[in-house]
Amino acid sequence: MSPSTVTHVILSGGTGSRLWPLSRKSCPKQYLEIFDGKSLFELCLERNRFLSGKGVVVGSLGNFELSRKTFAKMGIDPYREIVEALPKNTAPAIAFAAMSSNPEDILLITPSDHLVQDQDSYERAVGNAVKLASIDLLVTFGITPTRPETGYGYIQVEDGIVKRFKEKPSIESARTYLEMGDHFWNSGMFCFKAGLFLRELEFFQPDLFHQVKIAFENSKDGFIQQSDNELIDSLSVDYAVMEHSKKLVMVEGDFKWSDLGSFEALSDYLCETHQVEEDEYGNVYIGKSRHASFLGVSNMIFVETPDAFLILNRSDCQKVKNLFEQFETENPSLVN
């Protein structure tokens, strides 16, 4: 079975809270057109155009119109839509996509907010994954690590078989993983037959399976009703299925990959592409309206938007999510 028969499933329900104030609920990071005039959602669609053209986009009430605008901008036929009233993490989102497909359909699951470079290597990895999925295996994509990264989860493998998933590690553990050579970054990308995934989900998480099934059956034109959505448990696909299944294998992705989940990752990319400049002390200004100079500080990132400034040290990039969550309660206008 070739990639030309695969259905692309794009997950777009995230809010990108670690990139506040650039990313807001009204325009999450995957729709920010800051990548040479394109968004991550747009880039995701572009790199998967080599597939059949069939697809499903699982989004939320807050962003499905942004997805539609991107399809219109690109002049391509929109994917089938599934719109969640309430995001409930990746396991329910993927289950909705699987329930909307034929059991033998092979699904390529990709987050919409990741950056992938080296198209040829990406297509080779997808081709390898499709071959494994066609013989009833669940396939995850592990990225060859290039540094001891603490912001990613890891997958430990032996002869292609997944031994265990590991949460975001300490810097000491990340260095050990890099030295061991059998740990890979967890990309959040998967490939499998729709029916196999649903059978595994029902076996390992029967309550969640039935919650999603009821919500899907009650959906109207792809929109999940809030009353049903509220009853669905929030679980990641790793925790719900992948950590338990005996049918899980990994394909190694040697392409350049980032989830751009922090200002450290974003600033590195913008510097590499010469869209911003880093001074001799590692300071970066992300904004458009004025000049910024840094004096007596190092490794700082200054982010400017029309209504907010964010000034942080690179070592604190993962904490921006906490600030976003604080504003959700204390000052919602800053995150909407």
Side-chain angles (χ1 to χ4, degrees), residues 1 3 6 8-9 11 47-48 89-91 93-95 98 106-111 113-194 196-201 203-205 235-261 265:
M1 185 172 292
V6 173
H8 179 214
V9 177
L11 306 179
R47 70 174 164 270
N48 289 290
N89 216 316
T90 52
I94 294 171
I106 290 182
L107 310 180
L108 174 67
I109 314 293
T110 71
D113 57 353
H114 293 181
L115 184 69
V116 172
Q117 296 165 286
D118 189 348
Q119 183 71 19
D120 289 343
S121 294
Y122 175 73
E123 291 186 18
R124 282 196 299 272
V126 170
N128 292 336
V130 169
K131 291 176 184 177
L132 293 169
S134 68
I135 57 173
D136 292 319
L137 292 170
L138 301 173
V139 184
T140 185
F141 291 76
I143 307 299
T144 307
T146 58
R147 62 184 183 277
E149 174 61 55
T150 61
Y152 299 152
Y154 284 74
I155 305 168
Q156 186 179 18
V157 298
E158 184 176 332
D159 298 325
I161 306 299
V162 176
K163 294 177 66 176
R164 62 182 59 88
F165 285 82
K166 296 185 178 181
E167 298 296 329
K168 297 174 182 177
S170 65
I171 186 63
E172 293 79 12
S173 294
R175 290 188 180 117
T176 299
Y177 296 166
L178 194 62
E179 293 170 0
M180 291 174 67
D182 61 352
H183 286 69
F184 298 82
W185 290 337
N186 183 359
S187 71
M189 294 170 47
F190 304 95
C191 188
F192 42 67
K193 289 182 180 177
L196 173 61
F197 175 77
L198 291 175
R199 289 193 296 274
E200 293 287 276
L201 180 66
F203 181 79
F204 293 112
Q205 306 292 341
L235 288 177
S236 73
V237 69
D238 290 340
Y239 181 82
V241 174
M242 301 304 170
E243 292 182 5
H244 310 290
S245 179
K246 304 301 182 185
K247 296 180 177 292
L248 183 64
V249 296
M250 190 201 80
V251 162
E252 181 177 350
D254 58 358
F255 44 85
K256 191 173 182 180
W257 170 93
S258 172
D259 73 351
L260 290 179

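What you are looking at is a predicted structure, and each value in this text was computed from that prediction instead of being measured.
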Take L108 and V126, measure what side chain to side chain contact (heavy atoms under 4.5 Å, CB included) needs, and give me the verdict at the end.
CA-CA 8 Å; L108 174 67; V126 170; 4.1 Å; yes
Between S173 and T176, is the side-chain hydrogen bond (donor to acceptor under 3.5 Å, both in side chains) condition met? List the steps.
CA-CA 5 Å; S173 294; T176 299; 5.9 Å; no
Passes side chain to side chain contact (heavy atoms under 4.5 Å, CB included), F184 versus V157? Steps please.
CA-CA 8 Å; F184 298 82; V157 298; 3.3 Å; yes
Quick one: do T110 and L11 satisfy side chain to side chain contact (heavy atoms under 4.5 Å, CB included)? Show the steps, please.
CA-CA 6 Å; T110 71; L11 306 179; over 6 Å; no
For a side chain to side chain contact (heavy atoms under 4.5 Å, CB included) check, start with the C-alpha distance between V162 and Q156, then their side-chain angles and the critical distance, and finish with the verdict.
CA-CA 6 Å; V162 176; Q156 186 179 18; over 6 Å; no
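Here CD1 of I94 is found 6.0 Å from CZ of F190. Values are rounded to the nearest 0.5 Å. Atom CD in Q117 sits 11.5 Å away from atom CZ in F255 (nearest 0.5 Å). We find the CE-CD1 distance between M189 and I143 to be 6.5 Å, quoted to the nearest 0.5 Å. With rounding to the nearest 0.5 Å, the separation of SG in C191 from CD1 in I106 is 6.0 Å. Once rounded to the nearest 0.5 Å, the distance linking CG of L107 with NE2 of H8 reads 10.5 Å. Rounded to the nearest 0.5 Å, atoms NE2 (H244) and CG (L201) are 10.5 Å apart.
Within the 4.5 Å cutoff, side-chain heavy atoms of N186 are placed close to those of D238. For the pair L235/N89, no side-chain contact is recorded, criterion being any heavy-atom separation below 4.5 Å from C-beta on. For the pair Y152 and K168, the minimum side-chain heavy-atom distance is 4.5 Å or more. Two residues are said to be in side-chain contact when any heavy atoms from C-beta on lie closer than 4.5 Å; L138 and V241 meet this criterion.
Scanning for ring-ring contact (aromatic ring centres under 6.0 Å, His included) contacts around Y177 gives Y154, H183, with sequence neighbours left out. With sequence neighbours excluded, the residues satisfying side chain to side chain contact (heavy atoms under 4.5 Å, CB included) with R199 are L196. Under the side chain to side chain contact (heavy atoms under 4.5 Å, CB included) criterion, I171 pairs with P148, T150, R175, sequence neighbours left out. Under the side chain to side chain donor-acceptor pair (under 3.5 Å) criterion, D259 pairs with no residue, sequence neighbours left out.
Here the shortest heavy-atom pairing between A98 and A194 reads O-CB, 3.7 Å. Taking each heavy atom of V139 and L132 in turn, the nearest pair found is CG2-CB, 3.7 Å. Here the closest heavy-atom approach between residue W185 and residue I155 is recorded as O-CD1, 4.4 Å. The minimum heavy-atom distance between P111 and G188, with the atom names listed, is CD-O, 3.6 Å. Closest approach of A265 and L260 over heavy atoms only: O-CD2, 3.7 Å.
Under a 3.5 Å cut-off, the side chain of Q205 and the backbone N or O of A240 do form a donor-acceptor pair. When atom types are taken as modelled, the side chain of T90 and the backbone of V237 share a donor-acceptor pair closer than 3.5 angstrom. Listed for the S245 side chain is no donor-acceptor partner under 3.5 Å among the backbone atoms of M242. The backbone N or O of R164 sits nowhere less than 3.5 Å from a side-chain atom of E243 that would complete a donor-acceptor pair.
Taking the six-membered ring for Trp and thresholds of 30 and 60 degrees, F197 and F192 have nearly parallel ring planes, at less than 30 degrees apart.
Sorted by first and then second residue, the ring-ring contact (aromatic ring centres under 6.0 Å, His included) pairs involving residues 130-151 (not counting sequence neighbours) form an empty list. Screening residues 136-147 for salt bridge (charged side-chain N to carboxylate O under 4.0 Å, His left out), with sequence neighbours left out, gives D136-K193, R147-E149.
More than 12 heavy-atom neighbours from other residues, nucleotides or ligands sit within 6.0 angstrom of CZ on F204. In K247, the NZ atom is not crowded: 12 or fewer heavy atoms of neighbouring residues, nucleotides or ligands sit closer than 6.0 Å.
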